[in-house]
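Residue numbering restarts at 1 for every chain, and letters A, B, ... go by the order of the sequence lines. What you see below is based on every heavy atom in this structure, not just the backbone, and it leaves out hydrogens, waters and symmetry mates.
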Amino acid sequence: MLGVKLAYLNLKEAGLRTWLNVAVLSLTFIFIVGYQGLYVGMLKDSSRAMIDEEVAGGQYWHKNYDPYDALTLEDSHGKIPVSLEELINQKKATPILIRQATIYPAGRMQTAQLRGIDPAQTIVTIPLSFLDNNKEELPVLIGTKMAKAKNLHVGDSLIVRWRDTNGTFDAVEGKIVHIMKTQVQTIDSGVLWVPLDRLREMTVMPDEATIVTISQDVSKYESYSGWPFKDQKFLIRDLTEMVKADSVSAKIMYVILLFLGMLAVFDTQILSIFRRRKEIGTLIALGMTRTQVISLFTIEGVFHGVLALVVSAVIGTPLLYLFSLKGMPLPQVTNEYGFALADRIYPVYTAGLVFGTAALVMVIVTIVSFLPTREIAKLKPTEALKGKLA
Amino acid sequence: MAIVKIKGLVKRYPMGGQKFTALDHIDLEFGKGEFCGFVGPSGSGKTTLLNVIGALDAPSEGSTVVLNEHVETLSQKKAAGLRNHHIGFIFQTYNLLPVYSVYENVEFPLLLLKIPKEDRKKKVLDALEWVGLMDKIKSKPAQLSGGQCQRVAVARAIVKRPELVLADEPTANLDSENSYNILEMMVKLNKELETTFIFATHDEKVMKYLRRKVHLVDGKVTKDEIIGKGAQ
């Protein structure tokens, strides 16, 4: 208690020097929480979008299906197991047939992926109702990135060519019936969504699928031979890994900021010990042990951290709250990044993030405050009383 | 009964690759209630001797027993305990804690002794009354004159009723009137509380008050003079 009071009074006496340290530490803390919150928000938002629009409760993949190898698509189709079919009939799953195709927008040949899906399904939230509109031409739903990349607009027609199960090429005229806005790259770039029945008919693959997406309401997943189950965690792993990797680069900035903050505290501690040698000598003469004096100076340093957290709470709370409401707009260029990003990222501050960062700041401040105080142990009280360093 | 026994005390300091002898085979004893001092020119070893008695410095040779504790073998922690419980210090430059008020400065040694709040308050107010600073309780050292600061330092030294008070040039920064007041106060405390006062001084004003003067020259005791009642 004695040390705490004396430390508090000394910090008060130090005035501007204290507040400069506190300001640097507070800004560091607020910046870390705010910036890290963006990553948490980005991961949460992108995960939600991926789960809602693509992954749902998980997927059964045809055993040959490998999303990273387009050549496997040729053989990635098969009859859906009967019990899985029952799940589909109960509207707890939806089959998707994926086939390679070639499209000719404005006469230019482009590769694409045809994805057949039941327009009436409710498992993933893609605006599939548009696919029912046109019975004559092949109704095609695309995403904004695809539309931009291929210069396609609603109402545009394009030739779609594919190979059926027998290897025979065929073609049909498709019509863009809707361009959906999605941040999920994998259901957008290079993908043409068409009605499942039409695609099965076109490819002569009745009752077949490449993947079967399961509702989030299904809690128990059975295994089917030739159809391995991929859970949510697996399906969003690329996103998680990408955010983690980006988070590492952000952490380098935190380390630099923390380093600057800690440098200020370290410098203050060194200066304090240098300027207050006489006081140290007096405290020892009055009966304080060196350990008590070291504790006193360490507490003073730690107080910078405590004050910084208080200031951060006062200034940072409304600031970060406002930031979480308004979000951070992303420039158009981020559309080219190749991963799911919304137009605006809303940071999410978890208790773990806030308290974890606070704990990290406090631990580092404590260490940095303690290190210079070891000089006190070397100080001779008789020299200190004279204001000299031994 | 001797509360300080010094035998064959030698204190050497390293200086420019050689050893400088600050105290050279000192043999002294001080009893309870003495009002005495080390006198001599600068560099004669007065402060060094005071520091050894105060367990702030360890002797190079010989033995120094203060209140039955051998200073030369005391650990840092035990030395702190000895100072904390039994020794009061008064410095030439007062050495008050600038962030504390007068009350808090005087209270500080009692806080280290973990004395209960009520008891602490009584002792602090008593000490401040002795030194006549009841009206400055809330003032900070920066708001006080030199004489007032030294009175606070005296109050801080005697608040825990130590057996021994060590005063290093306590009047060196004070004018005659303040020096007189401080010394009168110390004499009064010495009489009323039977506290042993040991000074290190070359101030004639202080010397007049001493009942025993130990003359030091070049680290050696040249004369141990019993004066009787001094200027009291």
- Non-hydrogen atoms of chain A under 4.5 Å away: do they reach the side chain of Glu104(B), the backbone, both or neither?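 Side chain only.
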For atom [atom1] of [X], is the number of surrounding heavy atoms from other residues, nucleotides or ligands below 6.0 Å larger than 12?
| X | atom1 | value |
| --- | --- | --- |
| Phe31(A) | CZ | yes |
| Asp135(B) | CG | yes |
| Met134(B) | CE | yes |
| His215(B) | NE2 | yes |
| Tyr13(B) | OH | yes |
| Arg275(A) | CZ | no |
| Tyr346(A) | OH | yes |

State the [atom1]-[atom2] distance between [X] and [Y], to the nearest 0.5 angstrom.
| X | Y | atom1 | atom2 | value |
| --- | --- | --- | --- | --- |
| Leu385(A) | Thr93(B) | CG | OG1 | 8.0 Å |
| Arg83(B) | Thr289(A) | CZ | OG1 | 9.5 Å |
| Phe108(B) | Leu286(A) | CZ | CG | 6.0 Å |
| Leu56(B) | Lys380(A) | CG | NZ | 13.0 Å |
| Asn51(B) | Thr382(A) | CG | OG1 | 5.5 Å |

- Over all heavy atoms of both residues, which pair between Phe91(B) and Ala285(A) is shortest? Give the atoms and the distance, please.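 Nearest heavy atoms, Phe91(B) then Ala285(A): CZ-CB, 3.6 Å.
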- Residue pair Leu97(B), Leu283(A): steps toward the side chain to side chain contact (heavy atoms under 4.5 Å, CB included) verdict: CA-CA 9 Å; Leu97(B) 299 174; Leu283(A) 294 172; 3.9 Å; yes
- Message: Heavy-atom pairs under 4.5 Å with chain B: which of Gln292(A), Arg290(A), Glu279(A), Arg276(A) has the most?
- Response: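 Heavy-atom pair counts peak at Arg290(A).
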